[in-house]
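Report on the following structure.
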Amino acid sequence: MDMPTALGLGAAFLTSVAFVPQVVRNFRRKHVDDLSFSTFGTFTLGVLLWLVYGLMIDSLPIILANVFTLGVNGLNLWQMWAYRKPGPASS
């Protein structure tokens with residue numbers, strides 16, 4: 001394995017696992033009111049675009065990192081929907 005690929009895989013691993021503690025915390029607390037849907041939504045869209053880019057240039061580190069990160073942030077978004085507190089009733 002060449003040095004740029006090894007460096008890319010290391011960076012991909014670190015940036016991908018960075019959101020795992022948040023998902024675990026969400027599952028334990030069943031509380032996500034302090035998280036920003038717009039932040040996670042925008043980030044997830046960016047990850048999807050990075051994945052498309054990685055596929056276009058056939059870059060294994062970019063593809064692997066973004067597939068994993070897309071899954072983790074998909075879980076975060078699902079948790080934001082599933083654990084949301086109901087808002088006030090409309091009149």
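Starting from 1, each residue takes its place in the sequence as its number.
V72 and V24 fall within the same hydrophobic cluster, defined by Ile, Leu, Val, Met, Phe, Trp and Tyr side-chain heavy atoms under 4.5 Å apart, directly or through other members. At a threshold of 4.5 Å between side-chain heavy atoms, the hydrophobic network of Ile, Leu, Val, Met, Phe, Trp and Tyr places V23 and W81 in one connected group. Linking Ile, Leu, Val, Met, Phe, Trp and Tyr residues whenever their side-chain heavy atoms come within less than 4.5 Å leaves I57 and L64 in two separate clusters. Tracing side-chain contacts under 4.5 Å through hydrophobic residues (I, L, V, M, F, W, Y), one never reaches I62 starting from M3; they form parts of separate clusters. There is a path of hydrophobic side-chain contacts, each under 4.5 Å, that joins V67 to L48.
Expressed to the nearest 0.5 Å, how far CE of M80 lies from CG of L75 amounts to 12.5 Å. Interatomic distance, CG of L45 versus CG of L70, reported as 10.0 Å (0.5 Å rounding). Rounding to the nearest 0.5 Å gives a distance of 8.0 Å between CZ of F19 and OG1 of T44. Taking CG of L35 as the reference point, atom CD of Q22 lies at 4.5 Å (rounded to 0.5 Å). Atom CZ in F37 sits 8.5 Å away from atom OG1 in T42 (nearest 0.5 Å). The line from CG of N76 to CG of N26 is 5.5 Å long, rounded to the nearest 0.5 Å.
Contact check for R29 versus D34: side-chain heavy atoms found under the 4.5 Å cut-off. Annotation: side chain of L51 is in contact with side chain of L55 (closest heavy-atom distance under 4.5 Å). Under the 4.5 Å side-chain criterion, counting only non-hydrogen atoms from C-beta, T69 is in contact with F43. By the 4.5 Å heavy-atom criterion applied to side chains, V17 and F13 are counted as neighbours.
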Working note: L9 + M1, criterion side chain to side chain contact (heavy atoms under 4.5 Å, CB included); need CA distance, chi angles, decisive distance, verdict.
CA-CA 10 Å; L9 287 171; M1 179 181 307; 3.7 Å; yes
Evaluate the side chain to side chain contact (heavy atoms under 4.5 Å, CB included) criterion for residues F68 and V20: first the C-alpha distance (whole Å), next the side-chain angles of each, then the deciding distance (0.1 Å), finally the verdict.
CA-CA 10 Å; F68 183 82; V20 171; 4.0 Å; yes
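Heavy-atom contacts from other residues, nucleotides or ligands closer than 6.0 Å to CZ of F27 number more than 12.
Closest of all the heavy-atom pairs between V32 and Q79 is CG2-O, 3.6 Å.
Side chain of S16 to main chain of A65: a donor-acceptor pair is present (N/O by atom type, distance under 3.5 Å, no hydrogens or angles).
The closest side-chain donor-acceptor pair between T5 and D2 falls under 3.5 angstrom.
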